[in-house]
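Lettering follows sequence order; numbering is per chain, from 1.
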Number of protein chains: 2
Amino acid sequence: MSEKSRTEAHSRRDKILDAAEALFAERGYDGVTLRQIAALAAVDVALTNYHFGTKKDLFTTVFHRRAAILNKVRDEALTACLNTKVPAMLEDIVEAYLRPLGEIQASADKGWKHYLSLVAWVNNSTEWGREFMTDNFNPFVSKFIDALKTTLPNADEQALYWGYHYMSGALTLTFADTRRLDTLSGGKASSSDITVGYKHMIPFIAAGFRAICDDPDNSNS
Amino acid sequence: MSEKSRTEAHSRRDKILDAAEALFAERGYDGVTLRQIAALAAVDVALTNYHFGTKKDLFTTVFHRRAAILNKVRDEALTACLNTKVPAMLEDIVEAYLRPLGEIQASADKGWKHYLSLVAWVNNSTEWGREFMTDNFNPFVSKFIDALKTTLPNADEQALYWGYHYMSGALTLTFADTRRLDTLSGGKASSSDITVGYKHMIPFIAAGFRAICDDPDNSNS
DNA sequence: GTCTATATGTTGATAGAC
DNA sequence: GTCTATCAACATATAGAC
């Protein structure tokens, strides 16, 4: 195989993945046809089957493509945070969790934006979440919750997990980028103003955790 | 038309709505076929068209069926809260917003549970949310945000709207009832333990609002 | 109101030529 | 690797008998 054809094939393969990522994120698995994906990628429909097998296989490939690198980036941020001060501040841990995602979403990279939007869709789906969220992201989430325990040693564990649930929901809706905050606020806030969205999310979530997880004795510490 | 046939027809009509509600909530609009809806309702496929028109029309009917009553219940709760004390406490306003939903979701009514799950799906979808969330729920949300302004008079409006966004995301993920908290926590918390989910949500969200909307001068008030 | 039968289109998938 | 051609299955929708 020549260098040229190898490169072109790889490029078409990637174009299918990019198109599938964008469309799955926008309309969900069932809302998208292989023909629409092929059209957006500007390749023949049969190529989706040649490169990835079934539609479900294609979805799996799309989801896994960025999951590993996402875990790596976030793991490094959390580890760095935990190494700078012991015990780490609650705000710092929450920031370590959220900031890498905010930077990705605020960046110019369309592909990553689509991927986060896809994660939002998966996270809110009972059946897709069970298959894709648990295996890919639970290990890192557990690490995050362990970190929270070090700074909230007296926390009721049930409250801690529900706090994570609220944060996950807030984050996920931010991923979804619905643009509905614009209409609601009459222009005073914008769903796509990601930098502002993450700037307020960190103190909001940290305060929430403290309110339900902190021991009454040191609630104003 | 006899009483009996009237009742039966109405019953079949309702069975289609109930089935559509349950399936749309579980798999989204495109993930469900009219045949599956008819099968779950135990009626003929052609009846969906006779009673509701197109598939999209059926979805619209399902969504509107409970929207009005939901708005009424929530409006009463918020109004009652605002009338008991002036200015109302932040926690009371958030509770007025959340508690009616918690009571509905914690009740034994399967239909309402499915409906809230459907709202979760719509809220996280850019294209469906634009069409169905804005018209149905924005007026009440604006009333809620106005109430927040009375108790957080110095709040930056942009922060206030983002706070609402975080609350909406947390609430929505709770609607979705993904059952994934169970796996993540190793049984220490359960997504379907709705009473606990709402009990912690109120102080969590209230503290979050205070952290980003309160004037620094009275941040520990 | 309900069902049978069917029109009409689209879907995912693949066999086979190049 | 890529494209043409085609398949069986399934979708929504409706006309017409009862």
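In this structure, B:Glu131 pairs ionically with B:Lys56, as a charged nitrogen and a carboxylate oxygen lie closer than 4.0 Å. Using a cut-off of 4.0 Å between Lys/Arg side-chain N and Asp/Glu carboxylate O, A:Arg27 and B:Asp30 are scored as not salt-bridged. Comment: B:Asp177 engages B:Arg179 in a salt bridge, judged by a side-chain N to carboxylate O separation of less than 4.0 angstrom.
At whole-Å resolution of the value, CZ in B:Arg27 and P in D:dA11 are 11 Å apart. For A:Asp30 and C:dG12, the CG to P distance is 9 Å, given to the nearest whole Å. Between the CG atom of B:Leu23 and the P atom of D:dA11 there is a distance of 13 Å, given to the nearest Å. Following rounding to the nearest Å, A:Leu58 (CG) and C:dT11 (C1') show an atom-to-atom distance of 15 Å. Separating the CZ atom of A:Phe59 from the C1' atom of C:dA13 is a distance of 20 Å, rounded to the nearest angstrom. Here C:dG12 presents its P atom at 15 Å from CZ of A:Phe52, a figure rounded to the nearest Å.
Seen from the ring of B:Tyr97, B:Arg74 counts as a face-on cation partner, given the 6.0 Å and 45° thresholds. In this structure, A:Lys188 forms no cation-pi arrangement with B:Tyr161, as its terminal cationic atom is not both closer than 6.0 Å to the ring centre and no more than 45° off the ring axis.
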Inset, instruction - Go along nucleotides 13-18 of chain D 5' to 3' and tag each nucleotide: B for a protein heavy atom under 4.0 Å from its base, S when only backbone or sugar atoms are that close, - otherwise. - result: SB----
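Taking the six-membered ring where tryptophan is involved, the planes of A:Trp128 and A:Trp121 are tilted, since the angle between them lies from 30° to 60°.
Between B:Arg12 and the phosphate of C:dG1, there is no side-chain N or O to OP1/OP2 separation shorter than 4.0 Å.
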